[in-house]
Amino acid sequence: MKLPPHFYCRSDVLTISRELLGKLLCTRHAGHECKVLITETEAYAGIGDRASHAYGGRRTARTEVMYGEGGLAYVYLCYGIHHLFNVVTNVAGIPHAVLIRAALPYSGLATLQKRRGRDEAGPNLMPGPGTVAQALGITTVMSGVSLHGAEVWIEDAGVDVPSAQILAGPRIGVDYAGEDARLPYRYVWSSAFAEAVRPCRADTA
DNA sequence: CGAATGATATACT
DNA sequence: GTATATCATTCGA
């Protein structure tokens, strides 16, 4: 079940960020369909958030996607090497986004592993935002693509993630953001609980 | 711990 | 237009 448009268009990016835990991020790329269980997210709260690319209302060719309607993919290149995948939220004109920071394999394991160049099947296959995008075949050319299409989308796995299993803390790698670097906008679904939910890892994509 | 690596933003001519 | 500093990171020593 793909998440409906109104899921993304709500105004509270923190709520959306929490609710994305336990959802499935899916891609169909080069003929391979893969799904991963989202275990870690970070919220970027728009023009007032010093950690956001849209801080101060900055509008550039890169960040323009964030000003679009909720439900778009925002992908950009970080450190010249890594493609980072974000979900645009809120209504058009308000540049909120949620960074997907980590995930567990759910289906298409063989393809995920091949793209990563690693044999891991657990939390070490996609332990960071760059690795999640790499495993799913996500690159900057997907930036601006709708999550209601057939290339990249997010599904409800029918999993309930109790708030007691969610840890909140400061975001990673945003020391430049001054005071805002301390905001508890990072959400982690403890992988012990996440592991228990996913299907058998023997998967022959 | 530190190198890798390139688009992007910003500040210049 | 051209220059340069800066990254929402990863991997292997």
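The structure presented is a predicted model; accordingly, all values stated were derived computationally and were not measured. Keep in mind that the numbers below use all heavy atoms, side chains included, and drop hydrogens, waters and symmetry copies. Letters A, B, ... are given to chains in the order of the sequence lines, protein chains preceding strands, and every chain is numbered from 1.
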Pairing of Arg171(A) and Asp49(A) as salt bridge, 4.0 angstrom limit: yes

Do the non-hydrogen side-chain atoms of Thr41(A) and Arg101(A) ever get within less than 4.5 Å of each other? no

Check the pair Val36(A), Leu24(A) against side chain to side chain contact (heavy atoms under 4.5 Å, CB included), reporting the backbone distance first and the verdict last. CA-CA 5 Å; Val36(A) 303; Leu24(A) 296 174; over 6 Å; no

DNA chain C: stems of at least 3 consecutive Watson-Crick or G-U pairs, cut-off 3.5 Å? B:1-4 with C:9-12, B:6-12 with C:1-7

My understanding is that only one of Val161(A), Ile100(A), Val98(A) makes a side chain to side chain contact (heavy atoms under 4.5 Å, CB included) with Ile38(A); could you say which? Ile100(A)

Using a 4.5 Å cut-off on heavy atoms from C-beta on, say whether the side chain of Arg62(A) contacts that of Thr60(A). yes

Atom CG of Asp175(A) and atom P of dC7(C) are separated, to the nearest Å, by 10 Å

Ile154(A) and Val145(A): same hydrophobic cluster, using ILVMFWY side-chain contacts below 4.5 Å? yes

Would Glu42(A) and Arg186(A) count as a side chain to side chain contact (heavy atoms under 4.5 Å, CB included) here? Give the steps. CA-CA 4 Å; Glu42(A) 273 178 7; Arg186(A) 174 184 179 222; 3.7 Å; yes

Could you check, using the six-membered ring where one of them is a Trp, whether Tyr44(A) and His53(A) have ring centers closer than 6.0 angstrom? no

Just call it for Arg171(A): base, sugar-phosphate, or nothing, with non-hydrogen atoms closer than 4.0 Å on any strand. nothing

Near-ring test His96(A)/Tyr74(A), centroid separation under 6.0 angstrom: no

What are the atom names and distances for every N/O pair under 3.5 Å that joins the protein to nucleotides 9-12 of chain C?
| residue | atom | partner | partner atom | Å |
| --- | --- | --- | --- | --- |
| dT9(C) | O2 | His82(A) | NE2 | 2.7 |
| dT10(C) | OP1 | Gly128(A) | O | 3.4 |
| dT10(C) | OP1 | Pro129(A) | N | 3.1 |
| dT10(C) | OP1 | Gly130(A) | N | 2.8 |
| dT10(C) | OP1 | Thr131(A) | N | 3.3 |
| dT10(C) | O4' | His82(A) | NE2 | 3.0 |
| dC11(C) | OP1 | Arg116(A) | NH1 | 2.8 |
| dC11(C) | OP1 | Arg116(A) | NH2 | 3.0 |
| dG12(C) | OP1 | Arg118(A) | NH2 | 3.1 |
| dG12(C) | OP2 | Arg118(A) | NH2 | 3.3 |

Walk along DNA chain B from 5' to 3' and tell me the first and last nucleotide with an atom closer than 4.0 Å to a non-hydrogen atom of chain A. dA4(B) to dT10(B)

Determine whether Leu3(A) and Met142(A) fall in the same hydrophobic cluster, where Ile, Leu, Val, Met, Phe, Trp and Tyr are linked whenever their side-chain heavy atoms lie under 4.5 Å apart. yes

What is the distance, rounded to the nearest whole Å, between atom CZ of Arg58(A) and atom C1' of dA8(C)? 12 Å

